[in-house]
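For reference, the structure is listed below as structure tokens.
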Amino acid sequence: KIVMKITVQKSGGFSGVSRYSEMYSDDLPSHLKKTLTNLVGKNEGSLGSLKLVPKGAADYYSYKITLDDGSNQRVIECNEYDIQDNLKSLVTYVEKHKKNK
């Protein structure tokens, strides 16, 4: 069984503050473990690499999500406008239930 560390770096917004959250895949509910498995299996170009921002948009959030299983690392970068729904649900869960450091 592979345990993956999920790291979410969220920056931007009105205050421009960066936030850092992390969690291990063992701590996810089963439906998000399936989402994580699907995300890891997708090819590189299909996970929010477009970075679409509406004209005139300001103070939006950018995300850098790192999935690390100890031997492989996958980085997904997107923003609040182009983040896929399944990835957003994972990010939201990690931010709300992160491990206290």
Side-chain angles (χ1 to χ4, degrees):
K1 177 172 130 173
I2 296 174
V3 176
M4 191 166 292
K5 182 165 90 171
I6 306 150
T7 306
V8 175
Q9 290 173 270
K10 178 179 179 180
S11 59
F14 183 70
S15 62
V17 176
S18 291
R19 293 189 176 92
Y20 179 90
S21 305
E22 73 177 33
M23 174 178 279
Y24 287 90
S25 58
D26 277 358
D27 298 323
L28 293 173
S30 61
H31 73 283
L32 288 177
K33 286 180 185 177
K34 289 178 187 172
T35 296
L36 182 61
T37 300
N38 291 338
L39 289 171
V40 171
K42 284 192 174 188
N43 62 9
E44 286 299 315
S46 64
L47 288 171
S49 58
L50 299 174
K51 294 199 165 115
L52 299 174
V53 177
K55 189 174 184 174
D59 302 327
Y60 59 90
Y61 289 110
S62 295
Y63 299 94
K64 181 177 180 183
I65 301 109
T66 305
L67 310 174
D68 189 344
D69 68 6
S71 59
N72 294 306
Q73 191 175 72
R74 175 92 186 268
V75 177
I76 303 165
E77 292 184 306
C78 54
N79 63 54
E80 69 181 271
Y81 297 108
D82 67 0
I83 191 169
Q84 294 180 359
D85 289 341
N86 58 352
L87 185 56
K88 187 173 179 87
S89 63
L90 179 66
V91 165
T92 301
Y93 188 88
V94 171
E95 287 178 329
K96 285 184 181 177
H97 300 90
K98 66 184 176 189
K99 297 293 178 193
N100 293 329
K101 292 186 174 187

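As the structure is a prediction and not an experimental result, all values here were calculated from the model.
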For P29 and Y93, which heavy atoms make the closest approach, and how far apart are they?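 It is CD-CZ, 3.4 Å.
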On a heavy-atom basis, which atom in T66 and which in Q73 lie closest, and how many Å separate them?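 What the structure gives for the nearest pair is CG2-CG, 3.4 Å.
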Give, for atom [atom1] of [X] and atom [atom2] of [Y], the distance between the pair rounded to the nearest 0.5 Å.
X   : Y   : atom1 : atom2 : result
K10 : S18 : NZ    : OG    : 11.0 Å
N72 : L67 : CG    : CG    : 11.0 Å
H97 : M23 : NE2   : CE    : 6.5 Å
L90 : D85 : CG    : CG    : 12.5 Å

Donor-acceptor check, side chain of [X] to backbone of [Y], threshold 3.5 angstrom: yes or no?
X   : Y   : result
R19 : E95 : no
N79 : D82 : yes
T92 : S89 : no

Go through the steps to decide whether T7 and D68 satisfy the test side chain to side chain contact (heavy atoms under 4.5 Å, CB included), and finish with yes or no. CA-CA 8 Å; T7 306; D68 189 344; over 6 Å; no
Identified side chain to side chain contact (heavy atoms under 4.5 Å, CB included) counterpart of L36 within the set N86, I6, L87: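 Per the side chain to side chain contact (heavy atoms under 4.5 Å, CB included) rule, the option paired with L36 is I6, out of N86, I6, L87.
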Could you tell me which residues satisfy salt bridge (Lys or Arg N to Asp or Glu O under 4.0 Å) with D27, sequence neighbours excluded, listed by chain and number?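 Residues passing salt bridge (Lys or Arg N to Asp or Glu O under 4.0 Å) with D27: K99.
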Partner residues of Y63 under the ring-ring contact (aromatic ring centres under 6.0 Å, His included) criterion, sequence neighbours left out: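 Residues passing ring-ring contact (aromatic ring centres under 6.0 Å, His included) with Y63: none at all.
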Please step through side chain to side chain contact (heavy atoms under 4.5 Å, CB included) for the pair E77 and K64, ending with a clear verdict. CA-CA 5 Å; E77 292 184 306; K64 181 177 180 183; 3.9 Å; yes
Are V94 and I65 packed together at the side-chain level, in the sense that at least one heavy-atom pair is separated by less than 4.5 angstrom?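 V94 vs I65: side chains apart.
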With side chains defined as the heavy atoms from C-beta onward, is the minimum distance between S25 and T37 less than 4.5 Å?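 They are not in contact (no side-chain heavy atoms under 4.5 Å apart), so the answer is no.
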